[in-house]
Amino acid sequence: MGSQTTQSSGGLTAWPSEEDLSRLGVPRVRMVIDIVLWLGVGVWILWGAYASRVFGGAAAAVPPLALVAVTGAAELYDRQTQRHRLLPSLGVLGAVTLLATGAYVVGAPHPGAILLIICGVQATVRLPLAVGLPTGAVIVSLHAVLGEVSVREQAVVSCGVLAIGYMLRLDAQARGSGFRLLAQERAARAAEAESAALAERARIAREIHDVLAHSLSAQMVHLEAARLLIEREPQGAFRDGVLERVVAARGMAREGLAETRQALSALRGDMAPVEDYLRELGAVERAEVQVSGERRKLTVDASQAVRRVAQEALTNVRKHAPGAEVRILLAYAPGEVALEVRDSGRPDARGELAATGAGYGLLGMRERAELLGGTLEAGQEGKGFVVRLRMPV
């Protein structure tokens with residue numbers, strides 16, 4: 001039978017749950033008391049064995065060895081019942097019952113009776129009731145067969161043992177149910193905290209939209225109006241210089257607005273797939289984009305790292321190799337995703353390309369990649385420059 005941590009022990013054929021069978025939630029005082037009781041039972045078994053005067057001479061070592069064997073069998077029985085293995089559990093009980101029967105046979109009935117009672121209780125506590133109750137009754141009834149006990153006395157003893165076992169079972173069920181409820185409450189609190197975090201993200205996104213995005217949009221409108229006014233003026237060096245500045249500022253505002261929209265998407269958790277973003281970026285920058293491997297959804301941090309590295313690499317191309325051919329390759333591999341941005345370079349840009357790899361932009365991207373467990377390499381290859389990013393997924 002397979003183990004199920006949430007399985008209820010209310011049915012006759014159902015196993016106790018793992019929470020019921022474990023020591024989870026048992027107070028330390030109770031555990032100390034249990035240890036003292038079991039030590040007392042062990043001393044009682046040894047005293048009964050030696051009091052019978054059967055184990056004398058070389059046989060004096062038999063009771064301690066038998067007690068050690070019973071302790072190991074108890075541990076094995078606990079593990080088998082926690083895994084809901086019926087036949088191995090019954091096998092362990094059968095072995096201890098056989099040992100108790102041997103104690104009766106050699107003339108030590110008191111240790112044998114104690115072992116039979118313990119086996120009967122444990123069968124009722126840790127096995128399905130449909131199996132545990134009959135098994136416990138059969139084990140305890142052996143005392144009537146092996147010892148000098150009347151049927152009436154044996155019936156009383158059997159009912160008492162089974163009742164104690166069932167009470168202990170109910171106590172374990174109550175403790176296990178409490179911990180299952182506690183686990184459910186913790187899961188509900190975690191879901192509530194996650195919902196609150198998402199709500200906070202949405203609030204921050206609205207704030208960014210109201211303040212920054214609106215400001216950038218208004219800036220673009222004013223810059224566009226200034227550009228149109230300047231274009232209507234007569235030609236001149238002053239006009240050309242101002243026009244160049246305004247056009248550059250408009251481009252910066254457009255890029256800032258695009259970055260703001262990406263930040264909004266990240267906060268809302270609805271970012272577009274990274275390959276779609278790279279295709280849009282490649283269309284704007286006139287770069288060739290290739291995607292290989294089985295596509296998968298990346299985490300927000302990994303997706304943002306890929307986007308930022310692509311942006312930084314293309315920015316370096318514009319600065320140091322304008323007009324160069326650019327190829328962007330996004331490759332999905334088992335356990336990782338890789339991004340490569342390669343440009344063809346320009347004959348007169350060799351010195352600038354060599355210095356680009358030590359720039360603060362790529363240094364920041366390298367630090368971002370390392371924080372996420374990835375790597376970033378950048379350097380000149382041939383006439384061009386290559387940026388490679390690898391991220392675990």
E288 vs E325 side-chain heavy atoms within contact, under 4.5 Å: no
The single option from V161, L93, V92 that satisfies side-chain contact (heavy atoms from CB on, under 4.5 Å) with C119 is L93
Between atom CZ of R279 and atom CD1 of I328, what is the distance when rounded to the nearest 0.5 Å? 11.0 Å
Let me have the donor-acceptor pairs involving side chains of residues 187-197, under 3.5 Å, with sequence neighbours excluded, atom names and distances please.
from : atom 1 : to   : atom 2 : distance (Å)
R189 : NE     : E185 : OE2    : 3.4
R189 : NH2    : E185 : OE2    : 2.7

dist E340:CD -> R327:CZ (nearest 0.5 Å) comes out at 5.5 Å
Do side-chain atoms of S141 reach the backbone of V138 as a donor and acceptor pair under 3.5 angstrom? yes
Is there a path from V291 to M391 through hydrophobic residues (I, L, V, M, F, W, Y) whose side chains come within less than 4.5 Å of each other? yes
Value rounded to 0.5 Å, distance of CG in D78 from CZ in R126: 4.0 Å
Within the distance-only criterion (no hydrogens, no angle test), does the side chain of R169 pair as donor or acceptor with the backbone N or O of L127 below 3.5 angstrom? yes
P88 versus Q80, closest heavy-atom pair with distance: CB-OE1, 3.4 Å
Please answer whether the main-chain N or O of P16 pairs with a side-chain N or O of H84 as donor and acceptor at a distance below 3.5 Å. yes
Nearest heavy-atom pair of W15 and S89: which atoms, and what distance? CH2-OG, 4.2 Å
Decide if atom CZ of R286 counts as having more than 12 heavy atoms of other residues, nucleotides or ligands within a radius under 6.0 Å. no
Which pair of heavy atoms, one from A324 and one from G345, lies closest together, and at what distance? CB-N, 3.7 Å
Do other residues, nucleotides or ligands put more than 12 heavy atoms under 6.0 Å from Y166 OH? no
Here the pair of heavy atoms bringing L115 nearest to A100 is CB-CB, 3.7 Å
Decide whether V387 and L372 are clustered together by the hydrophobic rule: side chain heavy atoms of Ile, Leu, Val, Met, Phe, Trp, Tyr closer than 4.5 Å, transitively. yes
Hey, any chance L86 and Y77 share a hydrophobic cluster, counting ILVMFWY side chains that come within less than 4.5 Å of each other, even indirectly? yes
Mind checking whether E294 and Y332 have side chains closer than 4.5 Å, heavy atoms only? no
Checking side-chain contact (heavy atoms from CB on, under 4.5 Å) for the pair T375/L389: CA distance, chi angles, key distance, verdict? CA-CA 6 Å; T375 60; L389 170 70; over 6 Å; no
Are V121 and V156 linked, directly or through other ILVMFWY residues, by side chains that come within less than 4.5 angstrom of each other? no
Heavy atoms only: give me the nearest L376-R366 pair and the separation to one decimal. O-NE, 3.3 Å
Do L339 and L329 have side chains that approach each other closer than 4.5 Å (heavy atoms only, starting at C-beta)? no
Hey, could you give me the CG/NZ distance between D343 and K383, rounded to the nearest 0.5 Å? 12.5 Å
Under a 4.0 Å N-O cut-off, is there an ion pair linking R390 with E377? no
So I117 and I164, side-chain contact (heavy atoms from CB on, under 4.5 Å) or not? Walk me through it. CA-CA 10 Å; I117 292 174; I164 292 174; over 6 Å; no
For the residue pair A310 and V341, what are the closest heavy atoms and their distance? CA-CG2, 4.4 Å
Is there a side-chain contact between V131 and L90 in this structure, where contact means two heavy atoms from C-beta onward sitting under 4.5 Å apart? yes
For the OG1 atom of T101 and the CD1 atom of I139, what is their distance to the nearest 0.5 Å? 9.5 Å
Nearest 0.5 Å, please: how far is CZ in R368 from CZ in R308? 6.0 Å
Answer with yes or no whether the hydrophobic clustering places L281 together with M365; edges join I, L, V, M, F, W, Y residues whose side-chain heavy atoms lie under 4.5 Å apart. yes
Look only at the side chain of Q380 and the backbone of G382, and say whether a donor-acceptor pair between them is shorter than 3.5 Å. yes
